[in-house]
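Worksheet: one structure, shown below.
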Amino acid sequence: MRRPLTLKDHHHEQRIFSFRLLVAAFLVVALSLVLVGRMAWLQISQHSRYTTLSDENRVQTQAVPPPRGLMTDRNGEILAANRPDFAVELIIEQVPDLEATLTRIGELVTLAPDDLERFRRRLASPRRPWDPIPLRGRLSEEEIARLTVNQHRLPGVRVAANLVRHYPHGKLFSHVLGYVNRLNAEDLDAMTLTEQSNYAGTHYYGRTGIERYYEQRLHGKVGYRQVETNARGRILRVLEEQPPRPGANLRLTLDMKVQRAAYDALGDRRGAVVAIDPRDGSVLAFVSRPGFEPNLFVNGISHQDYARYREDHDNPLFNRALQGRYPPGSTVKPFIGLAGLDAGVTDWQRTIFDPGYYQLEDNPHRYRDWKRWGHGWVDMTKAVVESCDTYFYDLGFKLGIARMHDFLSDFSLGQPTGIDLLNESAGLLPSKEWKRAARGTPWFHGDTINASIGQGFVLATPLQLATATAILAHQGKQVTPTLAADELRPPPRPDIQLNDDRDWLRMEHAMEEVVHGSHGTARVMAKDAPYRMGAKSGTSQVFSVGQEETYNEEELAERLLDHALLISFAPVDHPAIAVAVLVENGRHGGSTAGPVARQVMDAWLLNEQGELDVPAPLTRAPTAEGSAP
């Protein structure tokens, strides 16, 4: 059976086609309107927003750290400088695979475990996204070439040239200059917002010494620049720049010749030397030995090097001149003598008999003199020249601890001197109130007797002893030890006025006899001297000797021997230098510390021909506030 023939309905098909065409056209027009509207919204309504976002991708504002100020001695010798250093740095946001990138870099340059550890520590600390993180510095020319050739394989990695702090004299000035190292999050947290903005892009921050005290002055003011970069972060051009203001150069009062003389004179012994010009308080030498290598700390000291310093029994990181507290021993006797004279307890003619010990009434204890058989009849001058303990036991007992404390305080003992360094030790000048508060026990007569010869609870730093000597040499005129040559800060206390001004000259004459007299304890210093000097030697006990025991230094370990101390000034008629020397376990102040002081004074007072040629003091104007900037 045949199927019926069906004819096409062209009119119906035409209607379907027209409907579909109309729907398609509507959709095209609608979508076009959406696209046009979106483009209009983006290009017109959101123009400023997306222009800003585009510029932020293309234009970056970078901080330009200022060059750190240089430091020189009083004669212009460079003590702290900046030298160029090439380092490999990573901008983490541009590094696709950090571990793979570190592996590639390790194939091109040597990376020590300490380098990687420091890098990861910096990576974990708070930072801005675009801040580069240094991986390793001090690249050689060959290493720079390898990294440059492989730049295309290392996105986010760059070789940057920086100025790095350098101390050309190493250990010689380590404790007084201090050092800088990397700025960290704790440093930024301790700053105000204004200070933080001034440290944008800065890598280094003063940690100790003068570097820390004058950080703001040495740092300068940060600059900024706007740069155009490509997709890889490479700078195409600089659009705008505000240059940084370099840190101020700092001229110091230190003298290279005197500093080196002090350092060399100590030799391999542990100790400290501080030399001050009593005319204006300028610090001429500030040495603590052993020292340390400050350049190791600039970019982060390795664990191996730091462990070596930390485990060294000589403690090279300890600033003995500023923070070392030692019994001053007999070096306090001139000051105790002046206190007794000013209080009317004694006079220059009063004599006592010294049998080799001092004994209080109704007390069997004997306070021994260093000379077992005694000094015989002793007056003030002989007591100073021969360092008679018994005379000062008696004088101290009659004077009393209260008057002793108040008088010695005027010479900067028992309190910071005010030097322009941080973390200065105040030493210890005991009193009845102090002992009650600190020890919970009353003050005894024996405490006073011990204090009268600089033993017992009395502790002083070499800096304090040098300052006290400068005040005595300048006949009571107060000085504040100062390291910055453009500062002359006012002393915190008024000048010392004695009831009889002639006592200054008489005490200076007694100290002169310590060196130039036939029985002086420091007469070894006077050999071939073209000028006259005054001094007072001293020894301080490291441990106590029992009443029935005998001190025998031949049987003691080296670190149990007495410390050797000496204070001195010269020339006697117009003092231009005051020196304090400490030699740990040096045994005898006159024979051990005396030659050290002599070399220091010669370096300042003698010219190249060995003739006396006293330098003029620095010409400086007082600052308004008399404090650190």
Side-chain angles (χ1 to χ4, degrees), residues 169-179 207-210 212-213 254 258-276 283-294 297 309-329 331-332 412-417 419-428 454 458-469 481 483 537-542 558-568 578-587 589 592-597 599-600:
H169 302 288
K171 296 180 179 180
L172 181 59
F173 290 91
S174 57
H175 283 289
V176 63
L177 296 184
Y179 60 87
R207 291 293 167 204
T208 63
I210 297 173
R212 179 68 186 92
Y213 191 89
L254 296 169
V258 182
Q259 180 83 1
R260 187 170 292 282
Y263 190 86
D264 292 344
L266 281 174
D268 294 330
R269 296 169 294 193
R270 301 178 304 280
V273 178
V274 178
I276 296 175
V283 179
L284 306 175
F286 192 99
V287 171
S288 176
R289 189 157 187 173
F292 60 91
E293 177 51 69
F297 289 84
Y309 280 137
R310 190 181 62 247
E311 296 167 4
D312 191 331
H313 293 302
D314 290 339
N315 202 357
L317 297 178
F318 181 57
N319 191 336
R320 289 166 165 81
L322 186 72
Q323 298 170 316
R325 307 198 316 165
Y326 304 89
T331 60
V332 301
S412 290
L413 298 177
Q415 56 195 301
T417 64
I419 192 173
D420 35 353
L421 291 173
L422 298 178
N423 302 318
E424 178 188 0
S425 172
L428 177 59
V458 183
L459 298 172
T461 67
L463 173 61
Q464 289 174 320
L465 293 177
T467 304
T469 307
L483 288 160
S537 61
T539 58
S540 63
Q541 293 181 349
V542 176
E558 188 266 340
R559 291 181 186 265
L560 293 179
L561 296 174
D562 291 345
H563 297 321
L565 301 103
L566 183 126
I567 58 173
S568 56
V579 181
V581 178
L582 161 81
V583 181
E584 289 186 2
N585 312 116
R587 301 191 295 180
T592 303
V596 175
Q599 292 181 53
V600 173

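Note that this is a predicted model, so its numbers are computed, not measured. Note: hydrogens, waters and symmetry copies are ignored here, and every other heavy atom, side chains too, is used.
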Subject >> side-chain contact (heavy atoms from CB on, under 4.5 Å) involving R269 - partner list, sequence neighbours excluded >> reply: V583, T592, V596

**OP:** Could you check L483 against L254 for side chain to side chain contact (heavy atoms under 4.5 Å, CB included), going step by step and ending with a plain yes or no?
**Re:** CA-CA 7 Å; L483 288 160; L254 296 169; 3.9 Å; yes

**OP:** Compare every heavy atom of N423 with every heavy atom of Q323, then report the nearest pair and how far apart it is.
**Re:** NE2-O, 3.2 Å

Original post:
So, does Q259 use its side chain to make a donor-acceptor pair with the main chain of L172 at under 3.5 Å?
Top reply: yes

Original post:
How far apart are the closest heavy atoms of P462 and A321, and which atoms are they?
Top reply: CD-O, 3.8 Å

Original post:
How long is the span from the CG atom in N585 to the CG atom in D562, to the nearest 0.5 Å?
Top reply: 8.5 Å

Subject >> Min side-chain heavy-atom separation V579-T469 under 4.5 Å >> reply: no

**OP:** Begin from the C-alpha positions of F297 and T208 and carry the test side chain to side chain contact (heavy atoms under 4.5 Å, CB included) through to its verdict.
**Re:** CA-CA 11 Å; F297 289 84; T208 63; over 6 Å; no

**OP:** Verify side chain to side chain contact (heavy atoms under 4.5 Å, CB included) between Y326 and L465, making sure each step is shown before the conclusion.
**Re:** CA-CA 10 Å; Y326 304 89; L465 293 177; over 6 Å; no

**OP:** Evaluate side chain to side chain contact (heavy atoms under 4.5 Å, CB included) for H563 paired with T539, printing each intermediate quantity in order.
**Re:** CA-CA 5 Å; H563 297 321; T539 58; over 6 Å; no

**OP:** Would you name the heavy atoms of T461 and L322 that are closest together and state the gap between them?
**Re:** CG2-O, 3.7 Å

Original post:
Looking only at heavy atoms, what is the nearest atom pair of D314 and R320, with distance?
Top reply: O-NH2, 2.7 Å

**OP:** Could you tell me the separation between the OG atom of S537 and the CG atom of L565, rounded to the nearest 0.5 Å?
**Re:** 9.5 Å

**OP:** Report the distance from atom OH of Y263 to atom CD of Q599, rounding to the nearest 0.5 Å.
**Re:** 14.5 Å

Original post:
Is the distance between the ring centroids of F318 and H175 under 6.0 Å?
Top reply: no

**OP:** Please report the closest heavy-atom contact between L459 and P327, naming both atoms and the distance.
**Re:** CD2-N, 3.7 Å

**OP:** Side-chain contact test, heavy atoms from C-beta onward, threshold under 4.5 Å: evaluate it for V258 versus V600 and give yes or no.
**Re:** yes

Subject >> Nearest-0.5 Å distance that lies between atom CD in Q464 and atom OG in S425 >> reply: 6.5 Å

**OP:** To the nearest 0.5 Å, tell me how far L413 CG sits from L428 CG.
**Re:** 11.0 Å

**OP:** Side-chain contact test, heavy atoms from C-beta onward, threshold under 4.5 Å: evaluate it for F286 versus N319 and give yes or no.
**Re:** yes

Original post:
Which pair of heavy atoms, one from S174 and one from P294, lies closest together, and at what distance?
Top reply: CB-CD, 4.1 Å

Original post:
Atom CZ of R270 and atom CZ of R289: how far apart are they, to the nearest 0.5 Å?
Top reply: 12.5 Å

